[in-house]
2 protein chains.
Amino acid sequence: MDTKPLLDYLRRYVDLDQEEEALFLSKVRLRKYLKGQYVVQQGDVCLYENFVLSGCLKSFHMDPEGHEHIVMFAIEDWWTGDLGSFLSQTPASLNVQCMENCELAQLMHSDLQELYLRVPKLERFFRIIIQKAYVASQQRVVQNLSMPARDRYLFFRKQYPRIDQRVPQYMIASYLGITPEFLSKIRSQLIYEQ
Amino acid sequence: MDTKPLLDYLRRYVDLDQEEEALFLSKVRLRKYLKGQYVVQQGDVCLYENFVLSGCLKSFHMDPEGHEHIVMFAIEDWWTGDLGSFLSQTPASLNVQCMENCELAQLMHSDLQELYLRVPKLERFFRIIIQKAYVASQQRVVQNLSMPARDRYLFFRKQYPRIDQRVPQYMIASYLGITPEFLSKIRSQLIYEQ
DNA sequence: GTAGCATCTTAATCTAGGTTAATCTCCTTT
DNA sequence: AAAGGAGATTAACCTAGATTAAGATGCTAC
């Protein structure tokens, strides 16, 4: 298990010296999960921010009727977890589950607070990352309001060309906010049109 | 026009010394807008992050068919703008328009970059703010996927008890992603139920 | 006070997408 | 190779919410 992807990612946004980088790495916990395992469970406190070294995960909310609603997928070089729960250390409203065997780099809340104080550049690093995540989330809100399911699916395929090979269609349907049957109908219409 | 609300807000999250606070304020531009004026227009670059000192604004996307989709409202003590456009200084996909006469405190992109370097605590300040905004946006995605319009409306009323006195119903409908007619039907059902 | 515009409501009809359930296609596992 | 089981498809029918269009209400301005 190798932290290189995380360091490469970090270096894209901030310039840490040797000592700062070492301090950062000293707080990172590496952990393997098997396919199917939960990294966060709805109702538990989300203990870590998770950087994906390898594998693929989904985060989803389970509603009172027992239906899954997928909020996002995460693959290599993505962060995942329930940020709301992590920040306030209160029970999570999301589950994060591995869809493949996964290798994660994890940061505990208290360690991250300490890191912010000792390596202020990390404030910048996480500010930039969250800004990007926020913009993407806003964009998704707009799309869900303004585009029909068919267009959202086309956009999804463009935005995540690799993910749609790795996850089953019924999960893509859940991400899009439609049923698997309706996604199937959309797909057959798209094929017919060509 | 008074910057006190902004300073109070700032002090809730970070502890700046006199000099830092003065530097911050020196970069803040105060500006009044009249009801109906645009702070950002779709297609233009978003030049400022805007803190609302007084007034009420909406940010919305206009789709190719000419339909408005309201992304958020902003009142006193909220930030608004098109963050995606602001960060990358590329054309905005959102409009921000005043629904009342407004007083805004504005930060230019280049000034903010300079502030980050000279007052690193501001990295923390904006990190925390954006984190909260991101969590709220994620929550909205989940709600739009999992809740019917009626429940989204009830939630909206709880979350923004003051806003719904200040904006017309057809805008609330747009925010919820439904037509004004359907919102009207929901409201009459709710009244009937009591 | 009344003309004019913006907003809200009601009701009839229509449609995107949901539900149910049966069939089909692959993978696994033995 | 047979038997499950997970996932995908198809089709018949159903519903939340959209569309259209007609009034109703309420401002604001002259």
Side-chain angles (χ1 to χ4, degrees), chain A residues 34-36 56 58 60 62-70 73 97-101 141-157 163-194, chain B residues 34-37 56 58 60 62-70 73 97-101 141 143-157 163-194:
Chain A
L34 295 174
K35 178 174 175 172
C56 181
K58 63 172 171 173
F60 63 98
M62 183 82 76
D63 72 22
E65 282 88 51
H67 297 125
E68 274 189 33
H69 302 279
I70 295 184
F73 298 107
Q97 188 182 18
C98 300
M99 297 164 57
E100 304 172 358
N101 293 340
V141 168
V142 172
Q143 279 178 10
N144 285 342
L145 292 180
S146 66
M147 284 167 34
R150 180 200 137 101
D151 296 354
R152 264 143 53 208
Y153 175 58
L154 290 172
F155 184 87
F156 176 83
R157 285 205 313 196
I163 287 184
D164 97 333
Q165 320 296 334
R166 291 170 82 169
V167 309
Q169 270 177 38
Y170 74 91
M171 290 189 191
I172 295 176
S174 169
Y175 178 92
L176 296 173
I178 59 177
T179 58
E181 293 85 352
F182 189 58
L183 176 55
S184 187
K185 199 190 273 186
I186 289 171
R187 284 165 54 83
S188 72
Q189 281 169 3
L190 289 172
I191 290 163
Y192 177 74
E193 280 170 21
Q194 288 158 7
Chain B
L34 295 176
K35 178 175 177 173
Q37 278 194 298
C56 179
K58 62 173 172 174
F60 63 98
M62 183 82 75
D63 73 20
E65 283 88 52
H67 297 126
E68 275 189 32
H69 302 279
I70 295 185
F73 298 106
Q97 188 182 17
C98 299
M99 295 163 57
E100 305 172 355
N101 293 342
V141 168
Q143 278 177 10
N144 285 342
L145 292 180
S146 65
M147 284 167 34
R150 180 201 137 102
D151 296 354
R152 265 144 51 210
Y153 175 58
L154 289 173
F155 185 87
F156 176 84
R157 285 206 311 196
I163 286 184
D164 97 333
Q165 320 296 335
R166 291 169 81 169
V167 309
Q169 271 176 38
Y170 74 91
M171 289 190 191
I172 295 176
S174 170
Y175 177 92
L176 296 172
I178 60 178
T179 58
E181 292 85 353
F182 190 57
L183 177 55
S184 186
K185 197 192 274 186
I186 288 172
R187 284 165 54 83
S188 72
Q189 281 168 5
L190 289 172
I191 290 162
Y192 177 74
E193 280 170 22
Q194 287 157 9

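Side chains included, hydrogens not; waters and symmetry mates left out as well; all remaining heavy atoms used. In what follows, every chain begins at residue 1, and chains take the letters A, B, ... in the order their sequences are listed.
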For this session: Round to the nearest Å and state the distance from A:M99 atom CE to D:dA6 atom P.
Result: 16 Å

Seminar exercise, completed: CG of B:D151 to CZ of B:F156, rounded to nearest 0.5 Å, is 15.0 Å

Exercise. Between A:F60 and A:K58, is there a cation-pi geometry (under 6.0 Å to ring centre, at most 45° from the normal)?
Worked result: yes

Problem set entry | A:E181 CD - D:dT10 P separation (whole Å) | 12 Å

Exercise. Looking at CD of A:Q165 and SG of A:C56, how far apart are the two atoms once the value is rounded to the nearest 0.5 Å?
Worked result: 11.5 Å

Problem set entry | Length of the CG-C1' vector between A:D151 and C:dG17, whole Å | 14 Å

For this session: Check every atom of D:dA8, C:dG17, D:dT10 against the side chain of A:P148 and return the nucleotide holding the closest atom.
Result: C:dG17

For this session: Figure out the CG/P separation between A:L183 and C:dG18, and round it to whole Å.
Result: 10 Å

Problem set entry | Which nucleotide in D:dT9, C:dT7, C:dT9 has an atom nearest any side-chain atom of B:Y170 | C:dT7

For this session: Output yes when at least one side-chain N/O atom of A:R187 is less than 4.0 Å from OP1 or OP2 of D:dT9, else no.
Result: yes

For this session: Output yes when at least one side-chain N/O atom of B:T179 is less than 4.0 Å from OP1 or OP2 of D:dG17, else no.
Result: no

Seminar exercise, completed: Quick note, B:P168 side chain, CB onward, closest among C:dT7, D:dA16, C:dT9 is C:dT7

Problem set entry | Rounded distance (Å) that lies between atom P of C:dC8 and atom CD1 of B:I186 | 14 Å

For this session: Using atom CD of B:Q189 as one end and atom P of D:dA16 as the other, report the distance to the nearest whole Å.
Result: 9 Å

Exercise. If you check every side-chain atom of B:Q169, which of C:dG17, D:dG17, C:dT9 has the closest atom?
Worked result: C:dT9

Problem set entry | Atom-to-atom span, NZ of A:K185 to P of D:dA12 - whole angstrom | 11 Å

Exercise. Rounding to a whole Å, what distance do you find between A:I178:CD1 and D:dG17:P?
Worked result: 16 Å

Problem set entry | side-chain contact (heavy atoms from CB on, under 4.5 Å) between B:H69 and A:V141, worked out | CA-CA 10 Å; B:H69 302 279; A:V141 168; over 6 Å; no

For this session: Might you work through the side-chain contact (heavy atoms from CB on, under 4.5 Å) test for A:R152 and A:I178, ending with a clear yes or no?
Result: CA-CA 10 Å; A:R152 264 143 53 208; A:I178 59 177; 4.1 Å; yes

